[in-house]
Each structure stands twice: as C-alpha cells, then as structure tokens.
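One structure below.
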Amino acid sequence: MSVPAVDHYFAYGSNMNPARVRERGLRFTAVRGAWLKDRRLVFDKVSRLHPNAAHANVVYAPRERVEGVLYRLASADEILKMDPFERAPWNYGRDAVQVQAGDDALWAWTYFANRAVRRNGLNPPAEYLAHMLAGRDHLSVDYFDWLARTPVADCANPHGG
C-alpha cells in the first residue's frame, strides 16, 4: 500500500500543547483531536535532562488507542522542523501512521522512541505532563482524566524516581 503525501502531524506527548508547537516554529493551518488505533501510551523514553524520568512513547497494543492532537501542516516539509526537537533519528524515529479524526482516516507523521533510549518504570516530569494536559480541548473527557491521574517523577532528586 502506498502512502500519499503526508501533511499532518499527530502529537501524543508534550507537543499536544499547540502553544509549544507554535513556539517551536511549526506552521499549521488546523488542529483537532485524533487517535491512533492498536497503540498504548507509555512513559519509557528516558529524559535527557532527568534520567529518572521519561517522555511519552507509544507501543503496539491490540484494541487500545492513543489520543492526541492532529495538526494539519502548512506544507508537507513543515514536519522537518520537529525532527531536531525530537532528536530524530537518534531518540525518536518518525513514521507515517494512519490516525482517526472523527469520521476521517488520515495519514500523519508521528514519532516512536528508539529502543536504545527506552526504560520501563519511569514517570514523566510534571512540566512535561502539563504540556500534554494543555491538549485538553482535543481529547475525550475520559482520556484527559486518565492522563491527569498520571504520577509524575521527582525531578528535584536526581537519585529518586
């Protein structure tokens, strides 16, 4: 199956915050909620600044879904602006995936953490989670509530979790 030109970006981590994405220079013409089928949100991508904390990642999980924010890019090349922030291709790889946005199935770029930078049993820093929660208007109430209950890492203690 061939993938058409991809002009959307699906964010499930801190880039669910549209203000953060604007600050990073990504130009987009529309934003709305979407979900990725057969995936589960996990916090296993080790933070570069806080080695006992993690950033978001998605893993294969049949019959589950990850909600996020879908940006329609001003041009297909806009996604290249996100690669340095995601430290692609070293920390995250970028792939085209099919997401569901209401009744529309669309192709979008998203990022997957590379195995070398993943570790189980970590929680996100509070500031990182706050960026995720800023996507509230584009998430279902249940998903937002679940996300809001996520424990955060103690980033003040470099030896704590």
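Remember, it's a predicted structure, so these values are computed and weren't measured experimentally.
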Task: Beyond-backbone contact of L106 with Q98, side-chain heavy atoms, under 4.5 angstrom - done: no
- [ ] Please identify each residue that fulfils ring-ring contact (aromatic ring centres under 6.0 Å, His included) with H55, with sequence neighbours left out.
- [x] Y128
Task: Nearest non-hydrogen partners of E86 and Y9, listed with the distance - done: OE2-OH, 4.1 Å
Task: Flag, side chain of R118 to backbone of N114, donor-acceptor distance under 3.5 Å - done: no
- [ ] Name all residues meeting the ring-ring contact (aromatic ring centres under 6.0 Å, His included) criterion together with F10; count only those two or more places apart in sequence or in a different chain, and write none if there are none.
- [x] none
Using distance only, find each side-chain donor-acceptor pair of residues 132-144 under 3.5 Å and give its atom names and separation, not counting sequence neighbours.
{"unit_1": "S140", "atom_1": "OG", "unit_2": "E67", "atom_2": "OE1", "d": "3.3"}
{"unit_1": "S140", "atom_1": "OG", "unit_2": "E67", "atom_2": "OE2", "d": "2.7"}
{"unit_1": "S140", "atom_1": "OG", "unit_2": "Y143", "atom_2": "N", "d": "3.1"}

Task: Any side-chain heavy-atom pair of L147 and L129 under 4.5 Å - done: yes
Open item on the list: Donor-acceptor pair, distance only, cut-off 3.5 Å: does the side chain of R119 make one with the backbone of P51?
Closed with: yes
- [ ] Indicate yes or no: at least one non-hydrogen side-chain atom of T150 is less than 4.5 angstrom from one of P124.
- [x] yes
Open item on the list: Quick check for you: to the nearest 0.5 Å, what is the distance between R24 atom CZ and S14 atom OG?
Closed with: 5.0 Å
- [ ] Might you point out which heavy atoms bring A54 and P125 nearest each other, and give the distance in Å?
- [x] O-CD, 3.5 Å
Open item on the list: Please determine whether residues V6 and L80 belong to a single hydrophobic cluster, defined as Ile, Leu, Val, Met, Phe, Trp and Tyr linked transitively by side-chain heavy-atom distances below 4.5 Å.
Closed with: no
Task: D44 and R115: CA distance, side-chain angles, deciding distance, salt bridge (Lys or Arg N to Asp or Glu O under 4.0 Å) verdict - done: CA-CA 10 Å; D44 69 354; R115 187 180 315 264; over 6 Å; no
TODO: Please confirm whether the backbone N or O of R63 pairs with a side-chain atom of D38, one donor and one acceptor, at under 3.5 Å?
DONE: yes
Task: 4.5 Å side-chain heavy-atom contact, L122 and F43 - done: no
Open item on the list: Looking at D83 and R94, is any side-chain nitrogen of the basic one under 4.0 Å from a carboxylate oxygen of the acidic one?
Closed with: yes
TODO: Compare all side-chain heavy atoms of L41 with those of Y12 and state whether any distance is below 4.5 angstrom.
DONE: yes
- [ ] Take atom NZ of K81 as the centre, draw a 6.0 Å sphere, and report whether it contains more than 12 heavy atoms from other residues, nucleotides or ligands.
- [x] yes
- [ ] Return the minimal non-hydrogen interatomic distance between A56 and K45, and the atom names on each side.
- [x] O-CB, 4.2 Å
Which donor-acceptor pairs under 3.5 Å do side chains of residues 70-77 form with protein atoms, sequence neighbours excluded?
{"unit_1": "Y71", "atom_1": "OH", "unit_2": "N15", "atom_2": "O", "d": "2.6"}

TODO: Check G68 against M16 and note the closest heavy-atom contact, atom names and distance.
DONE: CA-SD, 3.6 Å
Open item on the list: Other members of the hydrophobic cluster containing V42, with the 4.5 Å side-chain heavy-atom rule, please.
Closed with: V59
Task: Note, R27 side chain near R22 side chain (heavy atom, < 4.5 Å) - done: no
- [ ] Report yes if some heavy atom in the side chain of H8 is under 4.5 Å from a heavy atom in the side chain of T110; otherwise report no.
- [x] no
Open item on the list: How long is the straight-line distance from CD of E78 back to CG of L26, given to the nearest 0.5 Å?
Closed with: 5.5 Å
Task: Student check: side-chain heavy atoms of M82 and Y111 closer than 4.5 Å - done: yes
Task: Separation between CZ of R20 and CZ of F85, rounded to the nearest 0.5 Å - done: 8.5 Å
Task: Residue list, side-chain contact (heavy atoms from CB on, under 4.5 Å) with A61, at least two apart or on another chain - done: R40, E64
